[in-house]
2 protein chains.
Amino acid sequence: MKKRKVSIEDIARRAGVSHSTVSRALRDNSLISPKVREEIQKIAREMNYVPNAIAQSLQTQRTNTVGVVVTSIADPFYAEVVEGIEQVARTAGLSVFLTASHRDFEQEIAAIDNFHRRRVDGILVTDSRINKKNTNKIGEIAVPTVLINSQTEDQPETFHTVTVDDFLGGRLAVEHLIELGHRAIGYLGVGDRSQSNYLRLEGYRTALREAGLPENSDWVAISDEENTRINDVDTGKKMLPKLLTTGVTGIFCYNDMVAVGALLACQELNILIPQNLSLVGFDDIALCRYVTPSLTTVCQPKLEIGRSAMQMLLDLLEEKSVENLVLSPFVVKRNSTTAFEQQSAGAEGHSREFLTANSVLIMPDGQCPIPPTQCPMPNVQCPFSIT
Amino acid sequence: MKKRKVSIEDIARRAGVSHSTVSRALRDNSLISPKVREEIQKIAREMNYVPNAIAQSLQTQRTNTVGVVVTSIADPFYAEVVEGIEQVARTAGLSVFLTASHRDFEQEIAAIDNFHRRRVDGILVTDSRINKKNTNKIGEIAVPTVLINSQTEDQPETFHTVTVDDFLGGRLAVEHLIELGHRAIGYLGVGDRSQSNYLRLEGYRTALREAGLPENSDWVAISDEENTRINDVDTGKKMLPKLLTTGVTGIFCYNDMVAVGALLACQELNILIPQNLSLVGFDDIALCRYVTPSLTTVCQPKLEIGRSAMQMLLDLLEEKSVENLVLSPFVVKRNSTTAFEQQSAGAEGHSREFLTANSVLIMPDGQCPIPPTQCPMPNVQCPFSIT
DNA sequence: GTGAAAGCGCTAACAT
DNA sequence: ATGTTAGCGCTTTCAC
């Protein structure tokens, strides 16, 4: 098991040539007499030769690796981005190192530093927290680095970037609700001081302003967990009630996970989506299609983000000049949003009672208000959460 | 930008010592006079020295890296497993290479071969397709390798394994349904000839047999897409109708994604879960808690799988002897399963019409059969899919 | 076309 | 306690 791997010298000895000849033969270098080349390759195969990439790298100063920093490996959003990264990395013959930052600045720096020691050819960082002040902490910018959806205001211009336009995304989300006739629209965000939360909120505000709609500070709820966004679903769940009492008829959520949290909270409160409330998410992760109702959201082109960023890195490695990329998000309409008129029509009568359910629960135990024997629809799933 | 990195020789020159002294000082080696050590470390810091891990590896024959092969980077199940892997890898100072196999044997081999060239210290393979016959294709088993949930019957005994007991999982799932009073239970599986599908099916059969319940070949539906499981959700969606017509009252699905597909199919067919049909998944991915109704499932301890496998690899690297590990899955009861009595009670009357909805749709366009003006519950979400 | 020799940046005997 | 020397396994001039 601990047997030493065979090296080109071993092959050379066996073939009766010098190791440099073997080196050339193995890589189809220039004009080696074709027959010795064949011979050497055959011997190599017989000896189960596996080239030592470490030794190659030391010599060529190229590792054919890229380092990727993600927020969390199990983050469904970045998982898809990484999928895109790996696709083009693989076709270019590059392997990828994956490390999680958990949105922590120190961990991000540590990961990048580690990549530097390992002499990766390039680095991709998602959700970066690096700004100009702390750039020097990671030494010289020795390695081509591209930032994906960077979260700082002033990223050093030595880095390149691929970004989705959060501001536009926020506007599109809110414009969608406005088109549906909503006039009281809320924003449910996360409090980790990230740039994307700020920009989506700005998009929200701008859309309201441009439509001549009122703004109300009560309509904006930002969770106060500063740095640790453990679980966006829980955040959404916890924050929803605050917004409900303000009378909003539609809510734009920071992302899909937050929106799903809001959705689940509504189910518990017997508030119907979209009949009583319209919900818009952000990201368009797979989950959107699986919840009930399916989630209207602002789609980020995740695979494309990953592919473009990796392609940009490849260009950088070839010393091509590259331009920062800003991709446009777009709305994917599903079933969590509906026209306000329809919504209000359906919500006439008892609706207010449901809407304020968190404080005035009609059925505290979540039971259906209609006696089973009187239910005219015994065969359909009762929308009241009977757990 | 292309400036050559500083090496220990550069530091040595500046400090007026030999490069080996620097080497020792930088790694707190044995008894270097503390003051020159401090001095050297200071200089190194000033010069922004970044150790070259490649050169270190060439010398020490240790790369401090592990290679991980996953089915797909965006697979929510293995994402969590990898999360566990990375956690313990990081604390051990190891970096992880991540590559996708897409459940393809050739790609798996290619990934492992690549890891061999890169001289990773250990390899972790999920969903492996390697068996004894083709082992030799990857040369000597030079590197400690542990297989996670291997999918072949006869894995070479030179590999170590961490596995979740699929057979037990299948039994538990079906026993859960039996305890709820179900007697006609189906299995919805995937046709990629994987060992886990086979074992879960065997567990299903055994549970039925042990309970003295009837078995019916019509109750078992396996998708016929041989190798390419593009999307398990679509598989579930597509296969569900076949099972429905057989009169089963509960279905055990190969995994959660398949179950979610089944769930969505039921929504379209106006079949209520769990009132008309109970559904059990497998894996317990996060999604289970977000769909409506939430999904009863057989939980695989994903983080623990990852952590144990990585720990096993660590032990192997220290030449400790290790034992293959079989972890036990367990049922997590949620809202997609319910007692058959209750189910049938609720399904009395018109239920059959809904149950066979795929062939005898009462409302072909998915509209609620009750005229809006007569609906006694205008404020609740209509369970009929009005899209 | 092929061999000899240097060197990539480091660690680890072996001297001193 | 520190310097000298020899590799780790490869690529790449530079001769021939």
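Lettering follows sequence order; numbering is per chain, from 1.
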For this session: Taking all non-hydrogen atoms of both residues into account, name the closest pair between B/Arg118 and B/Thr63 and its distance.
Result: O-CG2, 3.8 Å
Problem set entry | Atom-pair distance (CG on A/Leu58; P on C/dA6), nearest Å | 18 Å
Problem set entry | OP1 or OP2 of C/dG9 under 4.0 Å from side-chain N/O of B/Tyr49 | no
Exercise. D/dG9 phosphate, OP1 or OP2: any side-chain N/O from A/Ser7 under 4.0 angstrom?
Worked result: no
Exercise. Between A/Ile8 (CD1) and D/dT12 (P), how many Å, whole number?
Worked result: 12 Å
Problem set entry | Phosphate-side-chain proximity, A/Ser33 and C/dT2, N/O vs OP1/OP2 below 4.0 Å | yes
Exercise. Taking the side chain as C-beta and beyond, is there a heavy-atom pair between B/Phe97 and B/Asn114 under 4.5 Å?
Worked result: no
Exercise. Shortest non-hydrogen contact from B/Gln151 to B/Ser194?
Worked result: OE1-CB, 3.3 Å
Exercise. Hey, does the side-chain of A/His19 have a donor or acceptor N/O within less than 3.5 Å of a partner on the base of D/dT11?
Worked result: yes
Exercise. Whole Å only: how far is the CZ atom of B/Arg37 from the P atom of D/dT2?
Worked result: 11 Å
Exercise. Are any of A/Gln61's side-chain N or O atoms less than 4.0 Å away from OP1 or OP2 of C/dG9?
Worked result: yes
Exercise. Starting at CG of B/Asn52 and ending at C1' of C/dC8, how long is that distance when rounded to a whole Å?
Worked result: 8 Å
Exercise. What is the distance from NZ of B/Lys35 to P of D/dT2, rounded to the nearest Å?
Worked result: 9 Å
Exercise. How long is the line joining CZ of B/Arg62 and C1' of D/dG9, in whole Å?
Worked result: 19 Å
Exercise. Counting just side-chain N and O atoms, does A/Arg24 come under 4.0 Å of either OP1 or OP2 of C/dG1?
Worked result: no
Problem set entry | Side-chain N or O of B/Ser18 closer than 4.0 Å to phosphate OP1/OP2 of D/dG3 | yes
Exercise. Can you tell me how far P of D/dT11 sits from CD1 of A/Ile11, to the nearest Å?
Worked result: 11 Å
For this session: Assign B/Ser20 to base, sugar-phosphate, or nothing according to its heavy-atom contacts below 4.0 angstrom with the strands shown.
Result: base
Exercise. Any donor-acceptor pair under 3.5 Å joining the side chain of A/Ser23 to the base of D/dT12?
Worked result: no
Problem set entry | A/Ile54 CD1 - D/dG9 C1' separation (whole Å) | 11 Å
Problem set entry | Shortest non-hydrogen separation from A/Ser72 to A/His102 and the atoms involved | CB-ND1, 4.5 Å
Problem set entry | Of the listed nucleotides D/dG9, C/dA12, C/dT2, the one nearest the side chain of A/Thr21 | C/dT2
Exercise. When the nearest nucleotide of DNA chain D is assigned to A/Val50 and to B/Pro34 on a heavy-atom basis, which residue is associated with the more 5' position?
Worked result: B/Pro34
Exercise. Between B/Val143, B/Thr145, B/Thr99, which is the residue that forms a side-chain contact (heavy atoms from CB on, under 4.5 Å) with B/Phe115?
Worked result: B/Thr99
